**Student:** 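The structure's right below; bear with me while I get my questions together.
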Amino acid sequence: MHDGARDIRLAAQRLADCLPAPLGGLARLAYNYHWSWQAGREELFGAIDRERWRFVNANPVRLLRETTPQRLQAAAEDRGLIRRIERAETLLDAHLARRAAGCTVSAERPVAFFCAEFAIHESLPIYAGGLGALAGDLLKQASDDALPMVGVGLLYRQGYFRQRTDASGRQHEYWTDSDPEHLPAALVTGGDGLPLEVEVQIGGAAVVAQVWRVNVGRVPLYLLDSDVEENQTAARWITSRLYISNPDLRLAQCLLLGVGGVRALTEMGIVPGVIHINEGHAAFAALEYARSCLRSDDIGSAAPQVVFTTHTPVRAGNPTYPAEELERVAGAFAQRSGIGIERLLRLGRSRPDEAGEPFGLTQLGLRTSGYANAVSRRHGEVARSMWGHLWPQAPPERVPIGAITNGVHLPTWIGAPMRMLLQRHLPAGWHAAAAEVSLWAAAVQGIPATELWSVRSQQRAKLVDELRRRSVIERLSRGEGLEAASAGAGAFDPDALTIGFGRRLTAYKRLDLLIADIPSLRALLAGEHAIQIVISGKAHPDDETGKHVLGALFDLTRTGELAARVVFLDDYDLATAMLMLQGCDLWMNLPRPPLEASGTSGMKSAINGGLQVSVLDGWWAEAYDGENGWALSGEVDPDTNAQDARHGVELQRLLREEIVPLFHERDEHRIPQGWVTRIRASISSIVPAFSTKRMLAEYTAEAYSRAQRPAHRAREAPGLDAVGHGSG
Ligand SMILES: *Cc1c(COP(=O)(O)O)cnc(C)c1O
């Protein structure tokens, strides 16, 4: 089997050959992202050369290639370090050697998880935000649970855009090239020793892609890459950027991901038992799976094995393409694969007979899958009403879209102080029991307030340290004066209530609610209690509303006391998210209901003892219990201006009357007992219930194991009847 495992081993060996012999183990660790979610492993690399580790964005392959021979030699002579490396290798080997768990998904027929983005680690920049974070967390959980899975995505040479704001708050976008040879990745080669290639007809050209393999613990992640010499220049550009603006190229990416992805698996000898299409981008995979794996022209035959997850009700997240455009890009593919453009179009229309209706990938995914789900209970209701017309015969509650609420991967997101605290107070094996609600409730109640508060203070202090450093650099790079830049940084207070807002800056996330009533905000921030607000996020390059909010925020923070109390961090990514989520006391989420399908950053905050103030939408609608945080109403109101005004006032009231006083109500040891009580309630109610451990168990029970039983049709995809079953 040419699945790239050997190619990764050889790449690691080549790297090891360039290092002093005692460090060889580090090269092998470097080529598996397993290290990134193991306690203390990062330190093995950091110890080699701390400054360089930062400089190479925590990419271990680059670190080992670029560190000076003197430093490598010094590390090779550090007996303690060498012992820790050996121990880490032993643990990795044990992680990899476990037998596949669960009888429902077999190692011979793994789940193939398709997604347009994966956020595994900041050193692999092929993600934009929440969808990628979820996909990355899910692969890691599959590895931890020994669930047989492979990931399929695209290797974007330039990834998602990077953000820099100027002094007026205008966002500037730029892209940086990453050389895949410098990533912990290896090109998959075939029997002839040459890079394995797949071909997909896109537009008028046969586009060739090579395949990179990245190891995520036990899970191989395969990334297609069209930047090869055989392709015309435009075809090489297909895998240049994530969510590329040009619609033809975006559709081309989808064809390459779905069709090319299945072909790559076939070429490597991997026969998936389940195709999990995570969001519409990869929906073409179902067609190719029916044809090449099941050798059937009947798309319906693939349905029992196809799982589709929809991630957003927002229109821009469910793009459609005019018929001419689909034909231009996918016409030749449709013809050669035997499905024909007419049939393909009908599969992607909500109402197949409406000739004027454009083609949508979400519709295609819903229609060709045997199990479909939304990502929270409330999103389930929203999705059933939104897509119900695909099943005109079904009453609203019978629309076959289920709900599996998102979760987050605990070992990835937990801060070191919090992890050590839980290590002391939870029973052994608590990692593996991440979804056991009763275990958490009992153990967390017993944690003394002093210990919990000390952990919170340590994690906040680390954030404040980093804010001081980064805000000086960012202000200087925006052209601010030396004095202003340094003074601003000095104002951050390691003991102040620290409020965080980090996510995409798009209209429905409503960051503007916070700054709608400036006098109130000023009064709050200038009050007797110290408060600071940290904000970070990117506005999509074409999103003028999102950019406008950023400008307004900057106008506000340029002046007086607010400059010292509100900080914006450029270029939100996994590392910045991690820093903020581990450090902030309060995490704020202000989506316009019902548009937040789930949201996951709040779950990451809860793991670290952060409390939530959030709209009752997405996951918070099912997590909030009155004791574990604060809520803004989740009602739907067509008068969005009136709703925004109400929510803005209520947010200020909650902050002023409940949140700020509770944080500052201290006992004789300066511990905020009431606040700590809420932290306990938050950890025990949220961490186990909103973990990927629970989420993946639900996917396995509801979707993967059903799909594995060939006789069982999880759902007769009724939409297929409407468009006529191929030859069948
Ligand atoms: C978790 C995460 C998100 C998702 O945040 P939401 O609050 O769900 O919007 C986005 N970006 C990054 C980098 C994340 O880690």
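In each ligand, atom 1 is the first atom listed, and ligand 1 is the first ligand listed. Owing to the predicted nature of the structure, the values given are computational and were not obtained by experimental measurement.
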**Student:** Which heavy atom of the protein is the closest neighbour of atom 8 (O) of ligand 1, given with residue, atom name and distance?
**Tutor:**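 Sorting protein heavy atoms by distance from atom 8 (O) of ligand 1 puts Thr600 N, 2.7 Å first.
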**Student:** Who's the nearest protein heavy-atom neighbour of atom 10 (C) of ligand 1, and how far?
**Tutor:**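 For atom 10 (C) of ligand 1, the nearest protein heavy atom is Gly130 N, 3.3 Å.
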**Student:** Kindly identify the option in Thr506, Asp573, Asp137, Thr576 whose heavy atom sits closest to atom 13 (C) of ligand 1.
**Tutor:**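 Residue with the shortest heavy-atom distance to the ligand atom: Asp573.
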**Student:** Counting each atom of ligand 1 from 1 as listed, which ones have a heavy atom of Arg503 under 4.0 Å away?
**Tutor:** 7 (O), 9 (O)
**Student:** Surrounding CD of Glu627 (heavy atoms of other residues, nucleotides or ligands, distance under 6.0 Å), is the total greater than 12?
**Tutor:** no
**Student:** Looking at ligand 1, would Tyr127 count as a contact under a 4.0 Å heavy-atom criterion?
**Tutor:**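 Not so, Tyr127 does not reach ligand 1.
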**Student:** Does a side-chain heavy-atom distance below 4.5 Å link Val636 with Pro594?
**Tutor:**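 The answer is yes, as the side chains (C-beta and beyond) meet within the 4.5 Å cut-off.
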**Student:** What residue and atom, counting heavy atoms only, is the protein's closest point to atom 12 (C) of ligand 1, and at what distance?
**Tutor:** Tyr572 CE2, 3.9 Å
**Student:** Going by salt bridge (charged side-chain N to carboxylate O under 4.0 Å, His left out), Asp571 matches just one of Arg164, Lys538, Arg470. Which one?
**Tutor:** Lys538
**Student:** What are the two closest heavy atoms between Cys115 and Phe118, and how far apart are they?
**Tutor:**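 Scanning both residues, the minimum pair turns out to be O-CE1, 3.5 Å.
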**Student:** State whether Glu474 and Arg478 are salt-bridged, where the test is any N-O pair (Lys NZ or Arg NE/NH1/NH2 against Asp/Glu carboxylate O) under 4.0 Å.
**Tutor:** yes
**Student:** Would you sort out whether Glu117 and Tyr243 count as a side-chain hydrogen bond (donor to acceptor under 3.5 Å, both in side chains), showing the intermediate values?
**Tutor:** CA-CA 9 Å; Glu117 51 169 311; Tyr243 305 135; 2.6 Å; yes
**Student:** For the CG atom of Asp585 and the CD1 atom of Ile679, what is their distance to the nearest 0.5 Å?
**Tutor:** 7.5 Å
**Student:** Is it the side chain, the backbone, both or neither of Lys509 that has a heavy atom closer than 4.0 Å to ligand 1?
**Tutor:**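 Answer for Lys509: side chain.
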**Student:** Nearest protein heavy-atom contact for atom 1 (C) of ligand 1: which residue, which atom, what distance?
**Tutor:**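 Among all protein heavy atoms, the one nearest atom 1 (C) of ligand 1 is Lys604 NZ, 1.4 Å.
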**Student:** Quick one: does Trp413 get a heavy atom under 4.0 Å from ligand 1?
**Tutor:**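 Trp413 counts as a contact of ligand 1 under the 4.0 Å cut-off.
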**Student:** With distance as the sole criterion, is a donor-acceptor pair present between the side chains of Trp413 and Gln582 under 3.5 Å?
**Tutor:**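 Checked: Trp413/Gln582 side chains show no N/O donor-acceptor pair below 3.5 Å.
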**Student:** Between His276 and Tyr699, how do the two ring planes meet: parallel, tilted or perpendicular, split at 30° and 60°?
**Tutor:**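 Geometry flag for Tyr699 against His276: tilted rings.
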**Student:** Is Asn589 near ligand 1, meaning one of its heavy atoms is under 4.0 Å from it?
**Tutor:**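 So Asn589 does not count as touching ligand 1.
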**Student:** Any idea which protein heavy atom is nearest atom 6 (P) of ligand 1, and the distance to it?
**Tutor:** Ser601 OG, 3.5 Å
**Student:** Can you list the ligand 1 atoms lying under 4.0 Å from a non-hydrogen atom of Gly599?
**Tutor:**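 In order of numbering, the contacting atoms are 8 (O).
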**Student:** Please list, in number order, the atoms of ligand 1 under 4.0 Å from a heavy atom of Gly129.
**Tutor:**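 Result: 10 (C), 11 (N).
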